[in-house]
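A short write-up of the structure that comes next.
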Amino acid sequence: MQELLRRYGISLSVIMVAMTAFWLLALVVIPNLVLFKFSFRLYLPVDQLGGPNDVYTLKNYATFFESPIHINVFFSTILYSSFVTAICLAITYPLAYILAKVLKSTDTATFFLVLLVPLWVSEILRSFAWFIILSMQGPLNAVLLGIGIIDKPIRWITGFQSVIVGLVYAYILFMLFPIYNAISALDTNQIEASEDLGASMWRTHWRVIIPHSKPGIASGCVMVFMLCAGSVIVPTTLASTNSRWFTEIIQQWMFEGLDWNTGSAYAFLLLALCIIFVSLVMRILNVRLVDIAK
Amino acid sequence: MSEDVQLSKICMDFGSFRAVNNVDVTIKPGEFFSFLGPSGCGKTTILRLISGFMEPTEGSVKIGGKDMKGIRPNARPTALIFQNLALFPLMPVWENITFGLEVRGVPKAQRRAKAEELLQLVDLHDSADKRISQLSGGQKQRVAIARALAVEPKVMLLDEPLSALDLKLRQHMRAELRAIQKRTGVTFIYITHDQGEALAMSDRVGVMSQGILQQVATPQEIYNNPVNGFVASFVGENNVFVGTVKGKSGDIATFETAKGQFNARLGANVSVGDTTKLFVRPEFCTLQKTASKSANSIAVEVTEIAFEGNFVNVFVRDESGDTHMVQVQNDPSIPTPALHSKAHMIFDPQSCMILSEATDTRSGH
């Protein structure tokens, strides 16, 4: 705080603090508090609002626990989000290593440009692109039929497989960047020292590079997991009737049922369980929140 | 225990830049060998070629007679100590030291015992379970040495490992390194730009410039009989005179300069008629009241006196305005020359040399 004042003077400091406070309070804290309050009130016809029935209750939360289908969807969401996280990690770790330590820095710049270009297109369009690619008459089936790997088109958009593909594609870069940063920060001499002492490539990764990049891996995993569990667009576009995402149920409560109260309760359940899940994973990986924030 | 390292006509190109040019030297088993040169002379590249992080463009690296071509660093009988040490910060000291044993599948109890043993060897007690960040610079140094010794290398490669230490510690570690080398008998190949380090520790020194090995010899030989101007001026101080070689009798030649005629030993690759330089060390020069008949002498005026502790540097200016340095031992019984006094700088023909510039082709052994 002292440092901020010294550096930017009183007026600029006040503006900066005020803007941060506005963002935090008006756009994060207050809306959440309002929804939190909603989640404990009943969804009532307008004429009963403020009446004797308008009381605080846990009924909205109970609705979830009384619905096996919703519980099922909830755990599928957690399961498949973890699945997407694992796939992203498996793809990005080697890629991040190659980008950070194997390629020359000029090549890395080109590589990043190529990786970032798809981000310029909105998430809806990117999901929809996958919808086209994966459809029965789409390019993927056409190619596979063409080179003779399959005899008849495969229905890709069924179950969770298409959602997984879409989510991996949508959020993979959120895994790549933290891991890339972590590995870049590792002194290359450490990798060479390990090799010089006789370690195989696998051993060097296991004992030197992965322990060093653990905070990056953890923050990538947390981000991808949270984004997946909270994603609406990708599941809406790419899921089918037999694969529903928990966010879709929240959306249905809020926008189709107009029941913001139950919707809020569901949203907070998702938030709470995501936090528990993430802290559990962090505990297992032995990573602290401070490491991730870096 | 130790092996020789044979570098045969090694060249290393980075694009169009030749970092190492036709280096050919055999380092004997159990020898303490230093590559000495300014930064960018290719000495670190040589170390990386021996350790296997690079393959030479031309020539071969043989360790114990075995060609190392295509053998990765993890399969070579070498251990490298990095300039920044590259200790693993996430492992305790003892795991650092025995990392090389861990990857060879040595059981934990055995590794732990080996770590304790090596910590004794490098004189670092009760530190096995410390974190690397808890150690001082000198202690980290010792851990790095222990880590390299743990894999029982045939050849130890050291890339300026002392450069980050302060002067006192550096001098202490010099002696320590030398002692460890003698105790273990491992071939040490040491890279440094510090001539003091190279001269004090090595059995032999290879002086490098611009990718070329200029001279390979014992420290005394390097200092007293440099093969060319580069070696003479890189190792130690010199007073330099430009002139032409006139005549020659025995190994002493006459050298004609703008400041008069001098007699000096004629270096290799220099012949009568050549225009080149004469080098004389400041400690081989003396100041006298009168000119000398037998030795070289030049009239000078004392311009500055720098007291360095164990010796005194007297700076003198000759009649054409060039400054020379005369080094005298600090001896309170002998009065130092007075500032601005006139004198003659005297140096013996046997203690000065007429040398060519750095050679393009390798010379000397």
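Below, all heavy atoms of this structure are taken into account, side chains as well, without hydrogens, waters or symmetry copies.
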* To do: Please list, chain by chain and in numerical order, all residues satisfying salt bridge (charged side-chain N to carboxylate O under 4.0 Å, His left out) with R183(B), sequence neighbours excluded.
  =>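 R183(B) satisfies salt bridge (charged side-chain N to carboxylate O under 4.0 Å, His left out) with no other residue.
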* Should F82(B) and D187(A) be marked as a side-chain contact (heavy atoms from CB on, under 4.5 Å) after you check the CA-CA gap, both sets of side-chain angles, and the distance that decides it? -> CA-CA 11 Å; F82(B) 290 80; D187(A) 175 12; over 6 Å; no
* To do: Mind listing the closest non-hydrogen atom pair of A199(A) and V103(B) along with its distance?
  =>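 In this case the closest contact between A199(A) and V103(B) is CB-CG1, 3.6 Å.
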* To do: Work out which heavy atom in Q190(A) is nearest to a heavy atom in P89(B); give both atom names and the distance.
  =>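 For Q190(A) and P89(B), the tightest heavy-atom pair comes out as NE2-CD, 3.2 Å.
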Chain A interface, residue from [options] that has the most non-hydrogen pairs under 4.5 Å:
options                 : result
N84(B), I81(B), T78(B)  : N84(B)
P73(B), G52(B), A148(B) : P73(B)
L101(B), N74(B), L85(B) : N74(B)

Non-hydrogen atoms of chain A under 4.5 Å away: do they reach the side chain of [X], the backbone, both or neither?
X      : value
L80(B) : both
R76(B) : neither
L87(B) : backbone
Q83(B) : neither
F53(B) : side chain
A79(B) : both

Counting neighbours of [atom1] on [X] that are heavy atoms of other residues, nucleotides or ligands and sit closer than 6.0 Å, is the number greater than 12?
X       : atom1 : answer
F83(A)  : CZ    : no
K108(B) : NZ    : no
D166(B) : CG    : yes

Can you tell me how far the [atom1] atom of [X] sits from the [atom2] atom of [Y], to the nearest 0.5 Å?
X       : Y       : atom1 : atom2 : result
R72(B)  : S200(A) : CZ    : OG    : 12.0 Å
R104(B) : L197(A) : CZ    : CG    : 7.5 Å
T204(A) : F99(B)  : OG1   : CZ    : 5.5 Å

* For E95(B) and R207(A), run side-chain contact (heavy atoms from CB on, under 4.5 Å): C-alpha distance rounded to whole Å, both residues' side-chain angles, the deciding distance at 0.1 Å, then the answer. => CA-CA 11 Å; E95(B) 277 186 31; R207(A) 287 289 273 145; 2.9 Å; yes
* **Under 4.5 Å from a heavy atom of chain B, the part of S194(A) involved** =>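 S194(A) touches chain B through backbone and side-chain heavy atoms alike.
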